[in-house]
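Quick notes on the structure that follows.
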Amino acid sequence: MLNKKNTIKTAGIMVMATLLAKLAGMGREVLFASLYGTSGQAAAFLTASRIPLLFFDITLGAAISASFIPIYNEYLEADAKEAANRYANSFINLVLIITGVFCALGITFARPIAGLIGKGLAQPEKELAAQLVIILFPTMICTALAYALTGILQSHGEFNIPAAISLVSNGIMMLYLLFVRDRLGIHGVAFAMLIAWGFQVLVQLPSLQKKCFRYRPVLDLRSDGIKKTIKLALPILISSWVQPINSTVNIYLASFLNEGQAVAALDYANKLYIIFVGVLTYAVSNLIFPSISRLAAGENREELAAVVAKAIKVVLAVILPVMMLFLLLRVPIVRFVYERGEFDAQSTALTASALLFYSLGMAGFGVSEIANKAFYALKDGKTPMYIAMGGILLNILLSFLFVRGLSVGLWGLALAASIAATLIALALVFVLNKRLHLFKPRDAFNMIKLFVSTACMGMLTYFVFGLCSFSDSLAGRFLALLIPAAAGMLLYVLLLFVLHTEEAKDILAILQQKTKKVN
């Protein structure tokens, strides 16, 4: 377990590694968008790339790490290293068998699956999507194995390598798109993605050797560890279906909008949103999960509640101003990031429209990630499962209502997802607070301060943006985005100190510790 002295350092490294990985992911999307825009090929590729991910999320997904880490840590806490190693190997082999079976099924039925999910696409795009699905389905095996190995490393206190695996895969994709470009066609991009995802596994092997983990071809399905994992995994799986099912419904409905261009526009907006909101959220949740799992196993509820509450408040303090920037600067953000090559002004307008309404769900997304990990640490997968099922149903109903009933178009899909994400987060926190007593009355007052700070920064950002006038060059677009965003963020941080928020006190405490070390 990390000690307090190293926690801040580790968190900083994780945030930087995650940030670099997300920036590389954004670079990958920028290069892909410049080559294929919102064309039929882009719609086919993005539809196809979602299908293996959908199968993975529905069959294993978050359950790999969320059900594995608590049980694995029980063995480590009991100092049963040999039993822990046997359990980990059995778990890995079970994961490989499951993903192998579903990969074979996915490849066999690629054409009807692609035709169903991308039903509104033209026939040539459906056929292309089916071809790409066959190439991309083995990424499901790579992703599952990478998740399992990540759980082992994080349980042994190694967070930096797991945080960097996406940087490796996204870096490989960037190099391919930058130098090979579209010379090998869209099929070449699919093969490059398969290779890149394979490297997520390879880069973790040296660290696993250092932690004295050795792979063994064992499969003990009768062990207590595997039985506990299976029992815990099912509710975790269902609770994690929100994002993949929402995305699948969005692809299905979007394939009928804007001659299929809405599929690519939604995907670009969603990835841009995930890149930014995920940097801190994933870093914080992955950092605290092994620790809160051990606190829960030791029945240390008071410290567990303190850690979870602090994580939620930190995530909100960072996400709220970012959400405000996305709401106000969505068009210049999309223009700066994507608009070049085949990605034209019409593509920018479509993507910015989706980004506006996706941004409304940022806070809900971030809080849900932390709250879910808290429930999993408590070995309670049923509560988030029931809440997630309600969220999934709500999202589907709202999506069809907005698109088919009210005919509002593309942005209705993003709005439905954000409403569902926000309500899920509120429900999770309400139940978790009743169980652990996370928040005190002063926390409500502190939240009001955060909302006031965010509102004030939003007004300044909007005012400064109205004053900015730059050329349409890349540098001009960057300045038009940077200046209002920087002005708003500076005001936000200043107000945190002026209003004496908890976050300002934490920053001062860290700075004082650094000053003492220097002196």
Side-chain angles (χ1 to χ4, degrees), residues 22 50 57 62 239-254 257-258 262-282 285 312 315-331 333-334 337 349-372 384 387-430 447 450-451 454-455 458:
K22 296 299 182 183
R50 285 282 184 180
D57 286 335
S239 65
S240 70
W241 286 353
V242 177
Q243 196 70 16
I245 290 180
N246 288 353
S247 297
T248 304
V249 171
N250 284 354
I251 289 173
Y252 174 81
L253 292 173
L257 301 173
N258 304 96
V263 172
L266 269 176
D267 193 85
Y268 292 138
N270 187 54
K271 286 176 179 174
L272 189 59
Y273 149 81
I274 291 295
I275 283 170
F276 281 89
V277 76
V279 169
L280 183 86
T281 302
Y282 292 142
S285 65
I312 291 174
V315 165
L316 282 174
V318 175
I319 286 182
L320 286 175
V322 173
M323 183 176 75
M324 181 61 72
L325 291 179
F326 268 59
L327 291 172
L328 297 175
L329 304 177
R330 60 193 180 279
V331 174
I333 288 173
V334 174
V337 173
L350 281 173
T351 305
S353 174
L355 185 60
L356 168 64
F357 291 94
Y358 270 135
S359 300
L360 294 172
M362 277 188 172
F365 179 93
V367 171
S368 293
E369 180 70 17
I370 303 297
N372 278 331
I387 293 173
M389 289 172 65
I392 291 169
L393 180 60
L394 176 64
N395 179 73
I396 292 173
L397 291 174
L398 289 177
S399 295
F400 277 92
L401 173 65
F402 290 150
V403 175
R404 294 289 178 84
L406 302 178
S407 301
V408 299
L410 171 69
W411 62 263
L413 296 172
L415 177 59
S418 290
I419 292 173
T422 302
L423 292 178
I424 287 171
L426 290 173
L428 287 170
V429 171
F430 177 78
M447 277 304 304
L450 290 181
F451 283 120
T454 303

If you look at every heavy atom in [X] and [Y], which pair is closest and at what distance?
X: A416; Y: S399; value: CB-OG, 3.5 Å
X: G364; Y: A425; value: O-CB, 3.4 Å
X: L272; Y: V334; value: CD2-CG2, 4.3 Å
X: L316; Y: A363; value: CD2-CB, 4.0 Å
X: V408; Y: G412; value: CG2-CA, 3.6 Å
X: A352; Y: V331; value: CB-CG2, 3.9 Å

Any non-hydrogen side-chain atom of [X] less than 4.5 Å from a side-chain atom of [Y]?
X: L410; Y: L350; value: yes
X: D267; Y: R50; value: yes
X: V367; Y: L428; value: no
X: L320; Y: M324; value: no
X: T454; Y: M323; value: no
X: W411; Y: L356; value: no

Would the distance check show the side chain of [X] and the main-chain N or O of [Y] forming a donor-acceptor pair, the cut-off being under 3.5 Å?
X: R330; Y: L327; answer: yes
X: S418; Y: F357; answer: yes
X: N395; Y: G391; answer: no

Drop me the distance from [X]'s [atom1] to [Y]'s [atom2], to the nearest 0.5 angstrom.
X: L397; Y: I392; atom1: CG; atom2: CD1; answer: 12.0 Å
X: L355; Y: F326; atom1: CG; atom2: CZ; answer: 6.0 Å
X: F400; Y: L406; atom1: CZ; atom2: CG; answer: 13.5 Å
X: M362; Y: L360; atom1: CE; atom2: CG; answer: 9.5 Å
X: L266; Y: L257; atom1: CG; atom2: CG; answer: 8.0 Å
X: I319; Y: I312; atom1: CD1; atom2: CD1; answer: 11.5 Å

Does any pair with a residue in residues 351-367 pass side chain to side chain donor-acceptor pair (under 3.5 Å), and if so which ones, sequence neighbours excluded?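 Applying side chain to side chain donor-acceptor pair (under 3.5 Å) to every pair that reaches into residues 351-367, excluding sequence neighbours, yields N250-Y358.
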Taking only residues two or more places apart in sequence, or in another chain, which ones meet F402 in a ring pair (Phe, Tyr, Trp, His ring centres under 6.0 Å)? none
